[in-house]
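A quick note: this is a predicted structure, and the numbers were derived from the prediction, not measured. The sequence lines fix the lettering, A, B, ..., with proteins before strands; numbering per chain opens at 1.
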Number of protein chains: 2
Amino acid sequence: MNAYQKFKMTPQRIAIMNCLGQRNLHPTADEVFQAVRKMLPRISLGTVYRNLEFLTGNGLIKKNEQGGGQRRYEGNLEKHYHIKCTSCGRLEDAPIEPFESLENSLEGLCDYKIFECQVEFEGLCPDCQAKHSSRTNSQAEA
Amino acid sequence: MNAYQKFKMTPQRIAIMNCLGQRNLHPTADEVFQAVRKMLPRISLGTVYRNLEFLTGNGLIKKNEQGGGQRRYEGNLEKHYHIKCTSCGRLEDAPIEPFESLENSLEGLCDYKIFECQVEFEGLCPDCQAKHSSRTNSQAEA
DNA sequence: CCTCTTAATGGTAACAATTATCATTTATAA
DNA sequence: TTATAAATGATAATTGTTACCATTAAGAGG
Ligand SMILES: [Mn+2]
Ligand SMILES: [Mn+2]
Ligand SMILES: [Zn+2]
Ligand SMILES: [Zn+2]
């Protein structure tokens, strides 16, 4: 019995899972809503929020709460780090393995019971670097 | 000339800075508002937001956008990691030094221009551990 | 001291993301 | 079937944040 079948998977939940199935995709609730309503035109945004929460709570997807803006969700359950573009908000998986030593580094150093360690690199994506340098150039020209 | 004096520091801005002066304190905008209005009863929440943004933009304080909930601010400008209690939301500084190797680990591995690396440990604070175990106990008793 | 100019403020309305509510629909099981 | 419970869609409410704008405060000459 696969983990999937332990839960009541309604058509709405399946559609949401499918939308998150691909790797390195981190849509917001509204982006999931827009994608899913192509298959289920009558689905409501509330149902999307409710089920993103349900699926997260049951460990079928992951919620990404970092970043001031909207919450993001993903289907990639493997431990990994993220890179965020501070200019356009783009979020993607970082192409490195998690640091074993980092995860355990607080052992015995504080009274918290640590479960997880979120790592998010911040920088400029290639597109935004291009935009930024072209803007600098045109300013120099003017 | 101290960095402070390069900017017009209104009484409101000074009060906000004072509120953030202590280490290991990460109040939300509203918590800053509540604290500051004890000194300046006529200050408005909009002014607090506006100036938290101003002070962040000028590097006098730091904004903490991680965590789904409210934004948090702090006066501690040194690079450091955080621990967040997933139960009560408490946020504090992690008692370890940043990992040099982590910060540079993406060098040459992606096309982003990386500036920063945010690290946030997640777990249960001592208080919430106590609450949680006492609840478990009373369930066992019942 | 007066103006003039500009920046900052307080108060409030608008906004966007998320959550709550509730009547209706759907699934499950006696 | 009928009964029961869970999930949904539609929409209202809430929350954190931003935008707006008339008023106030601060400087810079004169
Ligand atoms: Mn990811
Ligand atoms: Mn801190
Ligand atoms: Zn970008
Ligand atoms: Zn706690």
Using a 4.0 Å heavy-atom cut-off, write out nucleotides 23-30 of chain C from 5' to 3' as B (base contacted by protein), S (sugar-phosphate only) or - (no contact).
--------
With the sugar-phosphate defined as primed atoms, P, OP1 and OP2, and the base as all remaining atoms, what B/S/- string results for nucleotides 11-25 of chain D, 5' to 3', for protein heavy atoms under 4.0 Å?
-----SBB-------
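Between the NZ atom of A/K63 and the P atom of C/dT19 there is a distance of 7 Å, given to the nearest Å. Residue B/I14 contributes atom CD1, which lies 14 Å from atom P of C/dA8 at whole-angstrom precision. To the nearest angstrom, P of C/dG11 lies 10 Å from CD1 of B/I43. Between the CG atom of A/L52 and the C1' atom of D/dT8 there is a distance of 15 Å, rounded to whole Å. Residue A/N51 contributes atom CG, which lies 13 Å from atom P of C/dT19 at whole-angstrom precision. Atom-to-atom, CZ of A/R42 to C1' of D/dA10 comes out at 10 Å; the value is rounded to the nearest Å. For the pair A/F7 CZ and D/dA6 C1', the computed distance is 16 Å after rounding to whole Å. In this structure, A/F54 atom CZ and D/dT8 atom C1' are separated by 14 Å, rounded to whole Å.
When only modelled atom types and interatomic distance are considered, A/H26 and A/N76 share no side-chain donor-acceptor pair under 3.5 Å. A/E97 and A/Y81 form no side-chain donor-acceptor contact under 3.5 Å, judged by distance and modelled atom types alone. Between the side chains of B/E122 and A/Y112, no donor N or O sits under 3.5 Å from an acceptor N or O.
Electrostatic pairing of B/E65 and B/R72 does not count as a salt bridge here, judged by no charged N lying under 4.0 Å from a carboxylate O. Taking a cutoff of 4.0 Å between a charged side-chain nitrogen and a carboxylate oxygen, B/K63 and B/E74 do not qualify as a salt bridge.
Cation-pi geometry between A/R13 and A/F7 is not satisfied (NZ or CZ under 6.0 Å from the ring centre, within 45° of the ring normal).
Between B/T47 and C/dG10 there is a side-chain polar atom (N or O) within less than 4.0 angstrom of OP1 or OP2.
A 6.0 Å sphere centred on NZ of A/K113 holds no more than 12 heavy atoms belonging to other residues, nucleotides or ligands.
A continuous path of hydrophobic side-chain contacts links A/M9 to A/L20 [ILVMFWY only; heavy atoms under 4.5 Å]. Residues B/M17 and B/F54 are members of one and the same hydrophobic cluster, defined by side-chain heavy-atom contacts under 4.5 angstrom among Ile, Leu, Val, Met, Phe, Trp and Tyr.
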